[in-house]
Colleague: 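Structure provided below as structure tokens; questions to follow.
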Amino acid sequence: MMTSSLQSWPEPIVRVQALSESGIARIPERYVKPPSERPSPVPNFTPRDHDHTHDSINIPVIDLAGIMSSGDGSTLLLERISYVCREWGFFQVVNHGVSVELMGAAREVWREFFGLPVEVKQEYANNPSTYEGYGSRIGVERGATLDWCDYFFLHYLPRSVRNPSKWPALPLSCRELISEYGKEVTELCKRLLSLLSRSLGLEGDHLERAFEGGEELGACLRANFYPKCPQPDLALGLSAHSDPGSMTILLPDPHVAGLQVRQGEHWVTVKPIPNAFIVNLGDQMQVVTNAIYRSVEHRVIVNSAKERVSLAFFYNPKIDLLIQPAKELVTEDRPALYSPMTYEEYRTYIRTKGPRGKSQLESLIRLPTKKLTQ
Ligand code: OGA
Ligand code: NI
């Protein structure tokens, strides 16, 4: 059910790009994060960083070259996936099968879109009832601290909600590129879900069935635009959050770092590998796997020298299906940690409150009955 608070934004929308281009030296109070959330200064990233093997830690890499040729994952690959998902929940994937030209074209067409005059983009201004279109905030709480980001959000699947007339008509190739990109990335998602299933000792189609129930599941694209920020130490491009859905395939900006992944008390800055995707598990994956695999908190930092574009492709459960821990992953020692819930119900939290770390999933955990009776 849609609450009335989700019909419109609580305050007039300000485009971050317009603020940035106005040449202000100080950011408005609304974008200043409390000291505990501010990023610590990060050394400037340059693509040459890849040359330094002694470099600081980066998220792990998974190479799908084997399955792209044989269509099957070796035991070694499944073990690697299991390790990476348990320890990190975040990885870069190479030899993933998506055309490198298409990746570049999709990213650049969105960069061009954000470069169009503001009147053109305003035609797609979104509202919180669907979030579809051109937006500048997530969450509807009056007085909230905002993130230094504009975005465009659209539905790709299921087909019944796909509506290309809501996608940008300009640049002229935009709609076609979204369709092609969505198709190839969806295929990658299916390959990854099958590997994840098998890495958990489940049938290859287990996760897909758990998330779609025999019909089309959901997929959305959010193109993020992080303008230059005159005071990057005070702001965030995207506050700490975990993605609410099943799995996210992120195409980062190859020239500008910004994504940070939480590792305990630290934030690891991801150094994008050329032509790789960054994959992270979402909250619904944590629910279905009964927290054997976990969603991981991440955030985005901004900088004063360069703007940044990223494409986040969210693979989500069918909206009205009850999502719950897989029976095979529930044991006496490890009882079901979550009660069944639909994704439609689940996503209301972030849509209302905005990004808030992993607070939603943590609040839903069921205490094991043993503990309750002690
Ligand atoms: C997101 C996200 C990261 C990035 O859109 O959910 O985490 O690098 N984006 O833009
Ligand atoms: Ni995210």
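Both counts, for ligands and for their atoms, begin at 1 and track the order of listing. Note that this is a predicted model, so its numbers are computed, not measured.
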Colleague: At the Ni ion (ligand 2), what's the angle from His298 NE2 to His241 NE2, rounded to 10 degrees?
Modeller: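 About 90°, to the nearest ten degrees.
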
Colleague: Between Arg137 and Glu11, does any NZ, NE, NH1 or NH2 come within less than 4.0 Å of an OD or OE carboxylate oxygen?
Modeller: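 Salt bridge flag = yes for Arg137 with Glu11.
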
Colleague: So if I count the atoms of ligand 1 from 1 in the order they appear, which ones are less than 4.0 Å from some heavy atom of Asn224?
Modeller: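 Ligand 1 atoms under the 4.0 Å threshold to Asn224: 5 (O), 9 (N), 10 (O).
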
Colleague: Who's the nearest protein heavy-atom neighbour of atom 3 (C) of ligand 1, and how far?
Modeller: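 Answer for atom 3 (C) of ligand 1: Val300 CG2, 3.6 Å.
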
Colleague: Can you tell me how the ring of Phe314 sits relative to the ring of Phe153, calling it parallel under 30°, perpendicular over 60° and tilted otherwise?
Modeller: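 Because their plane-to-plane angle lies in the 30° to 60° range, the rings of Phe314 and Phe153 count as tilted.
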
Colleague: Tell me which N, O or S atom from Asp243 is the closest to the Ni ion (ligand 2).
Modeller: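 Nearest N/O/S atom of Asp243: OD1.
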
Colleague: Salt bridge check, Asp243 against Arg347: does any charged N sit closer than 4.0 Å to a carboxylate O?
Modeller: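 Here Arg347 does not pair with Asp243 in a salt bridge, since their nearest N and O are not under 4.0 Å apart.
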
Colleague: Does ligand 1 have an atom under 4.0 Å from some heavy atom of Arg299?
Modeller: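 Judged by the 4.0 Å heavy-atom criterion, Arg299 does not count as contacting ligand 1.
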
Colleague: Which residue and non-hydrogen atom of the protein lie closest to atom 2 (C) of ligand 1, and at what distance in Å?
Modeller: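 Nearest protein contact, heavy atoms only, for atom 2 (C) of ligand 1 is Leu238 CD2, 3.5 Å.
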
Colleague: Which residue in the set Glu141, Glu297, Glu362 passes salt bridge (Lys or Arg N to Asp or Glu O under 4.0 Å) when paired with Arg356?
Modeller: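 Answer to the salt bridge (Lys or Arg N to Asp or Glu O under 4.0 Å) test with Arg356 among Glu141, Glu297, Glu362: Glu141.
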
Colleague: Are Glu187 and Lys190 within salt-bridge range, i.e. N to O under 4.0 Å?
Modeller: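 Here Glu187 does not pair with Lys190 in a salt bridge, since their nearest N and O are not under 4.0 Å apart.
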
Colleague: Pair Asp147, Lys33 - check salt bridge (Lys or Arg N to Asp or Glu O under 4.0 Å), show working.
Modeller: CA-CA 9 Å; Asp147 289 338; Lys33 297 290 175 191; 2.8 Å; yes

Colleague: So which protein heavy atom does atom 1 (C) of ligand 1 come closest to, and at what separation?
Modeller: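 That would be Arg222 NH2, 3.1 Å.
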
Colleague: Considering only the protein, which heavy-atom contact is closest to atom 8 (O) of ligand 1, and what is its distance?
Modeller: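 Checked against all protein heavy atoms, atom 8 (O) of ligand 1 sits closest to Arg308 NH2, 2.9 Å.
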
Colleague: Any heavy atom of Tyr151 sitting closer than 4.0 Å to ligand 1?
Modeller: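 No heavy atom of Tyr151 comes that close to ligand 1.
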
Colleague: Taking 4.0 angstrom as the limit, do Arg80 and Asp63 come out as a salt bridge?
Modeller: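 Asp63 and Arg80: not salt-bridged.
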
